[in-house]
Amino acid sequence: MTLFVAGLNHKTASVDVRESLAVEEDKLRDVLRDVQLLGVATELVILSTCNRVEVYGVADAPGVARAAAFRELARFRGVDATAVEPVLYTHVDGDAVRHAFRVAASLDSMMLGEPQILGQVKDAFALAQTAQTVGPALHGLFSQTFAVAKRVRTETEIGRHAVSVSFAAVELAKKIFTGLAGRAVLLVGAGKMSELAARHLVEQGAFPVYVTNRTWARAQELARALSGTAVPFDDMLGAVGDVDIVITSATAPQPLLTRAGVAGLMARRRGRPLFFIDIAVPRNVESAVNTLDDVYCYDIDDLRSVVDANLRERLREAQRAESMVEREVAKFLARLSDLEVVPTIVSLRERAEAVRVTELRRALARLPAASEETREAMEALSTAIVNKFLHTPITKLRESRRAGTSRSSMDLVQELFGLGGRA
């Protein structure tokens, strides 16, 4: 049996292809069972996200299992399977283990270090468990996968640097204020990026939220979505004076907020900091505003500089994470090697133990007057002889698996000791 993973992702397939194969969680259980009924794999887990569709499995012929699994996925989604085949990849044994570790640790993600993928992998595994398509091999693989991903997350900084403009804005706000709880936010304009930044700020405790926009209906709509309050566009400057953070994304040929206007507001703020996040192009905030005391203004280029610096930092941390993954792959493969020969070792021990017990009973039957001390000594002696006799063949079996010759060694042991092919 071979451990394998086959699939497609954002590197090999367009979003159209990925979308065409994506299966909702409530339907995925049926797909798992249908593929298992085909008898091409003994264990299966299917991971389906917006950026990847992957089949993890254990099979005698991984290529056959891959083809069958994706035929079933394609059939379920009404897609031509032949159109999917060219963008599929397959990894087996050590490469499959490495791939699983890298995926869960977000080293293979479109956005390096993003945290969502680990939860998605856990959900896929849990679903396969409920569908009863998980066996000992995949259980061991995914248990170790989760442990490796946790180590990468806690022992490196790969996920601790903002790599989106909206997250970068929040990161900067945290540096300016001692905390975001209770910090009032004003959105000038109703752009998607500014809305996302506002949502991130609210998640960090910022509140209340005010929204102003030239289109009053849009201001009210976005304010409702953020559990905030709409402000008439003509009252924008007054609202700026009452908040701590201003996010601007309005379309305007000239700055909406000038140095003179903001300077008039700062006099009554008594040193309370004011933070501008200007995402608009052209900019909504005059560059000279940044020269005012207690005013901090970052435009889109500033935020992108932060993002670029953070991406470089994530890449450095990713190198540490990759080294960690390689060490964990080696450890897992060593354990997996031992597991493959365990059934033969167990059978060998059981056969030897059965012979020991039978012969000991015969010997003791001929010594009815033997004392309890004598019986215990004979028990210990026979056990020691069996253990010493089995030590070398068991050690050689484990060594042969690590050397890649376990199958012939197991076959030989089974034949020599009459184990009946129980491996």
Side-chain angles (χ1 to χ4, degrees), residues 109-116 159-215 218-231 233 235-237 239-252 255-257 262 265 272-287 289-290 294-311 313-314:
S109 296
M110 182 180 290
M111 183 60 72
L112 182 68
E114 57 91 6
Q116 289 81 14
R160 298 179 188 174
H161 304 279
V163 289
S164 71
V165 167
S166 55
F167 267 120
V170 175
E171 191 172 80
L172 289 170
K174 284 181 177 180
K175 292 178 180 178
I176 292 167
F177 300 102
T178 55
L180 296 181
R183 299 294 178 180
V185 180
L186 170 66
L187 267 65
V188 179
K192 286 293 182 183
M193 197 180 299
S194 62
E195 178 186 350
L196 187 57
R199 290 186 183 278
H200 292 323
L201 288 166
V202 170
E203 288 172 2
Q204 297 293 322
F207 198 80
V209 177
Y210 301 96
V211 181
T212 186
N213 192 63
R214 284 194 177 89
T215 305
R218 175 56 181 150
Q220 290 179 307
E221 177 187 355
L222 185 53
R224 281 194 297 271
L226 295 170
S227 299
T229 304
V231 175
F233 198 71
D235 296 340
M236 175 186 62
L237 192 59
V240 169
D242 293 331
V243 301
D244 303 289
I245 301 168
V246 181
I247 306 173
T248 64
S249 63
T251 302
L256 299 174
L257 295 163
V262 175
L265 299 174
R272 187 158 59 98
L274 181 58
F275 179 37
F276 289 98
I277 305 168
D278 189 357
I279 304 174
V281 179
R283 287 174 291 180
N284 289 159
V285 183
E286 191 176 54
S287 58
V289 167
N290 215 18
D294 300 315
V295 176
Y296 305 87
C297 183
Y298 289 85
D299 61 25
I300 190 70
D301 287 344
D302 295 325
L303 294 173
R304 282 176 178 156
S305 295
V306 172
V307 167
D308 290 343
N310 287 347
L311 277 172
E313 186 61 32
R314 280 201 180 189

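When reading the values below, keep in mind they use all heavy atoms of this one structure, side chains included, and skip hydrogens, waters and symmetry mates. Not measured: the values here are computed from a predicted model.
Partner V185 forms a side-chain contact (heavy atoms from CB on, under 4.5 Å) with one of V246, V202, I247, D244 and no other, that one being I247.
Residues G189 and S249 share a closest heavy-atom pair of C-OG, 3.7 Å. The two atoms that bring A184 and V243 nearest to each other are O-CB, 3.6 Å, heavy atoms only. Shortest non-hydrogen contact noted between A168 and V307 is CB-CG2, 3.9 Å. Heavy atoms only, all atoms of each residue included: I277 and I245 are closest at CD1-CG2, 4.0 Å. Residues V285 and C297 share a closest heavy-atom pair of CG1-SG, 3.8 Å. Listed here is the closest heavy atom pair of E286 and P255: N-CB, 3.7 Å.
For the atom pair CD (Q220) and OG1 (T229), the distance works out to 11.0 Å, reported to the nearest 0.5 Å. S194 contributes atom OG, which lies 9.0 Å from atom CG of N213 (distance to the nearest 0.5 angstrom). H200 NE2 to E171 CD: the interatomic distance, rounded to the nearest 0.5 Å, is 12.0 Å. Atom CG of L257 and atom CG of D278 lie 8.5 Å apart (nearest 0.5 Å). Taking CG of D308 as the reference point, atom CG of L311 lies at 6.5 Å (rounded to 0.5 Å). For the atom pair CD1 (I279) and OG (S166), the distance works out to 7.5 Å, reported to the nearest 0.5 Å.
Within the 4.5 Å cutoff, side-chain heavy atoms of L172 are placed close to those of V306. Using a 4.5 Å cut-off on side-chain heavy atoms (C-beta onward), Y298 and I176 make contact. Counting heavy atoms from C-beta outward, V170 and E203 have side chains that stay 4.5 Å or more apart. Using a 4.5 Å heavy-atom cutoff, the side chains of F276 and V262 are in contact. A heavy-atom distance below 4.5 Å is found between the side chains of L187 and L226. By the 4.5 Å heavy-atom criterion applied to side chains, L186 and D242 are not counted as neighbours.
Looking at E195 and R199, a side-chain N of the basic residue comes within less than 4.0 Å of a carboxylate O on the acidic one, giving a salt bridge. Between E221 and R218 there is a salt bridge, since at least one side-chain N of the basic residue sits less than 4.0 Å from a carboxylate O of the acidic one.
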Decide side chain to side chain contact (heavy atoms under 4.5 Å, CB included) for V188 and L256; before the verdict, give the C-alpha distance in whole Å, the side-chain angles of both, and the deciding distance to 0.1 Å.
CA-CA 9 Å; V188 179; L256 299 174; 4.1 Å; yes
Where do R272 and D294 land on the side chain to side chain contact (heavy atoms under 4.5 Å, CB included) test, with the steps shown first?
CA-CA 7 Å; R272 187 158 59 98; D294 300 315; over 6 Å; no
So V209 and L201, side chain to side chain contact (heavy atoms under 4.5 Å, CB included) or not? Walk me through it.
CA-CA 10 Å; V209 177; L201 288 166; over 6 Å; no
Stepwise side chain to side chain contact (heavy atoms under 4.5 Å, CB included) test for T212 and D235
CA-CA 8 Å; T212 186; D235 296 340; over 6 Å; no
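Proximity of a side-chain donor or acceptor of S305 to a complementary backbone N or O of D301 within less than 3.5 Å is detected. Remark: side-chain polar atoms of R314 are not paired, donor with acceptor, to backbone N or O of M111 under 3.5 angstrom.
At most 12 non-hydrogen atoms from other residues, nucleotides or ligands lie less than 6.0 angstrom from CZ of R283. Heavy atoms of other residues, nucleotides or ligands lying less than 6.0 angstrom from CE of M193 number 12 at most.
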